[in-house]
Amino acid sequence: MTIAYEVLGEGNPVLLLPALSTISSRAEMHGLAEQLSEKFQVFVVDWVGFGESSHPLIDYRPALYHAFLRDFVRSMFSQPVVAIAAGHSAGFIMQLAHQDPCPWSYVILTAPTWRGPFPTMGNHRWFYKRVQQLIGLPIIGQFLYLLNTLPWFLRWMMSRHVYGDSKNITRSLVTAKWRTTQQRNARFASAAFVTGALDPIRTRQEFIDYFQPLPVPVLMVIGEQTPPKSREEMEFVVHFSGVQVYRMPGSLGLHEEYSRTLMSGILPFLTKVLS
């Protein structure tokens, strides 16, 4: 497999991991990465099956992403590193945090999630598995994926779940997201995410267990416009664990939409950890 990643700046290393979604890629981290690179050495990577990394025709499962993250970190860093992860990346970051030795010195989770869009709407995983299989079919699956990635639909989806202010969803942004979705074989990893096949865990309690006890200091960033069900999960973790919390405008894509606000909120923590 070919893995796409970038390295910006010099100094103590910081790893940035984008969310897992149909429109996700390392490009969504560029605003934050450019600011961080003024003080730190920043690594930004595309997950397997997303962005410009390989899109192999395989059975996408959480184990693949656990192994990918573990091997990437081992090959790139000799000491514990700060990790900043968006959305579904949170589960893979926290799972690795419980391994010995822990590869993280500090963890920042922006709008963390653990359930894909379909399981969030209802627990009918047998049906979602059939949907995933259907999208994997030639012709029919390609057509369904095409409908799900039309520019107008991407804009609608972003306004509902990703961006807090629809005025920030420009035509050029939608075009860039659409191009991300048109990578060859992109539908396979996307379908796995949407149907819950990439969910690192299956229950809220399992998610809470990642934070009890905390294997490493964790800061959770929660957007004020986050969808109710996703925000409920985040607030539950904050209430029942020792994670620090930073609240700011935005929704599930706050790291991209409000990168400067995010930077101002996390910089004091990073400066303290990496000084």
Side-chain angles (χ1 to χ4, degrees), residues 1 3-5 15-30 32 43-56 58-73 83-96 107-121 125 128-129 131-132 135-136 145 148-149 154 157-158 160-163 176-177 180-183 185-202 206-207 210 220-221 223 226-227 229-230 233-234 251-257:
M1 297 181 189
I3 304 304
Y5 71 94
L15 173 64
L16 301 188
L17 292 168
L20 299 178
S21 78
T22 303
I23 59 175
S24 284
S25 73
R26 70 185 190 280
E28 70 192 44
M29 289 291 192
H30 278 171
L32 183 60
F43 293 73
V44 196
V45 63
D46 275 332
W47 290 100
V48 176
F50 296 92
E52 294 180 326
S53 288
S54 292
H55 298 70
I58 58 177
D59 188 17
Y60 287 93
R61 287 291 180 267
L64 169 69
Y65 292 86
H66 287 312
F68 162 72
L69 182 58
R70 180 197 63 219
D71 293 345
F72 183 84
V73 171
I84 302 178
H88 245 49
S89 297
F92 301 105
I93 285 283
M94 294 306 297
Q95 188 269 348
L96 202 57
V107 169
I108 298 175
L109 306 177
T110 68
T113 57
W114 61 269
R115 287 184 303 196
F118 280 13
T120 299
M121 293 186 292
R125 291 186 179 270
Y128 304 146
K129 176 65 176 178
V131 173
Q132 182 187 1
I135 296 177
Y145 182 73
N148 194 53
T149 56
L154 295 180
M157 179 181 66
M158 291 179 66
R160 282 180 56 86
H161 306 296
V162 183
Y163 268 43
K177 297 294 186 183
T180 296
T181 67
Q182 300 308 298
Q183 296 282 344
N185 296 326
R187 75 182 191 275
F188 295 101
S190 171
F193 165 73
V194 171
T195 58
L198 296 187
D199 293 355
I201 52 172
R202 292 300 179 92
E206 289 182 88
F207 191 56
Y210 277 145
M220 184 177 294
V221 184
T226 302
K229 284 189 177 181
S230 296
E233 302 292 344
M234 300 174 202
S251 186
L252 298 179
L254 59 85
H255 56 284
E256 180 178 32
E257 184 180 10

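This chain uses plain numbering: 1 for the first residue, then up along the sequence.
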Contacts of type ring pair (Phe, Tyr, Trp, His ring centres under 6.0 Å), residue His88, not counting sequence neighbours:
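In terms of ring pair (Phe, Tyr, Trp, His ring centres under 6.0 Å), with neighbours along the sequence ignored, His88 is linked to Phe193.
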For Phe43, check ring pair (Phe, Tyr, Trp, His ring centres under 6.0 Å) against everything at least two apart and list the hits.
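Once residues adjacent in sequence are excluded, the partners of Phe43 under the ring pair (Phe, Tyr, Trp, His ring centres under 6.0 Å) criterion are Phe77.
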Which residues pass the side-chain contact (heavy atoms from CB on, under 4.5 Å) test with [X], not counting sequence neighbours?
X: Ser25; value: Ala27, Asp46, Thr180
X: Thr181; value: Thr22, Ile23, Tyr145, Thr149, Leu154, Trp178
X: Ala192; value: Tyr60, Gln132, Ala197, Leu198

Residues in side-chain hydrogen bond (donor to acceptor under 3.5 Å, both in side chains) with [X], at least two apart?
X: Ser251; answer: none
X: Arg61; answer: Asp59
X: His30; answer: Glu6

Residues that Glu28 engages under salt bridge (charged side-chain N to carboxylate O under 4.0 Å, His left out), provided they are two or more places apart:
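With sequence neighbours excluded, Glu28 shows a salt bridge (charged side-chain N to carboxylate O under 4.0 Å, His left out) to no residue whatsoever.
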Tell me, please, which residues at least two apart from Glu52 pass salt bridge (charged side-chain N to carboxylate O under 4.0 Å, His left out).
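Only Arg26 meet the salt bridge (charged side-chain N to carboxylate O under 4.0 Å, His left out) criterion with Glu52.
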Would you say that Tyr163 contacts Glu256 through its side chain, given a criterion of any heavy-atom pair below 4.5 Å between the two side chains?
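The answer is yes, as the side chains (C-beta and beyond) meet within the 4.5 Å cut-off.
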Please answer whether the main-chain N or O of Arg202 pairs with a side-chain N or O of Glu206 as donor and acceptor at a distance below 3.5 Å.
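Here the side-chain-to-backbone pair exists.
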Audit row: Trp47, Phe92, ring-ring contact (aromatic ring centres under 6.0 Å, His included) steps and yes/no
CA-CA 11 Å; Trp47 290 100; Phe92 301 105; 5.7 Å; yes
How far apart are the C-alpha atoms of Met1 and Ile58, what are their side-chain angles, what is the distance that settles it, and do they pass the side-chain contact (heavy atoms from CB on, under 4.5 Å) test?
CA-CA 11 Å; Met1 297 181 189; Ile58 58 177; 3.9 Å; yes
Do Phe207 and Met94 pass the side-chain contact (heavy atoms from CB on, under 4.5 Å) test, and can you show the C-alpha distance, the side-chain angles, and the key distance before you say yes or no?
CA-CA 9 Å; Phe207 191 56; Met94 294 306 297; 5.9 Å; no
Which donor-acceptor pairs under 3.5 Å do the side chains of residues 63-71 make with protein atoms, sequence neighbours left out?
unit_1, atom_1, unit_2, atom_2, d
Tyr65, OH, Val48, O, 2.7
His66, ND1, Gln95, OE1, 3.2

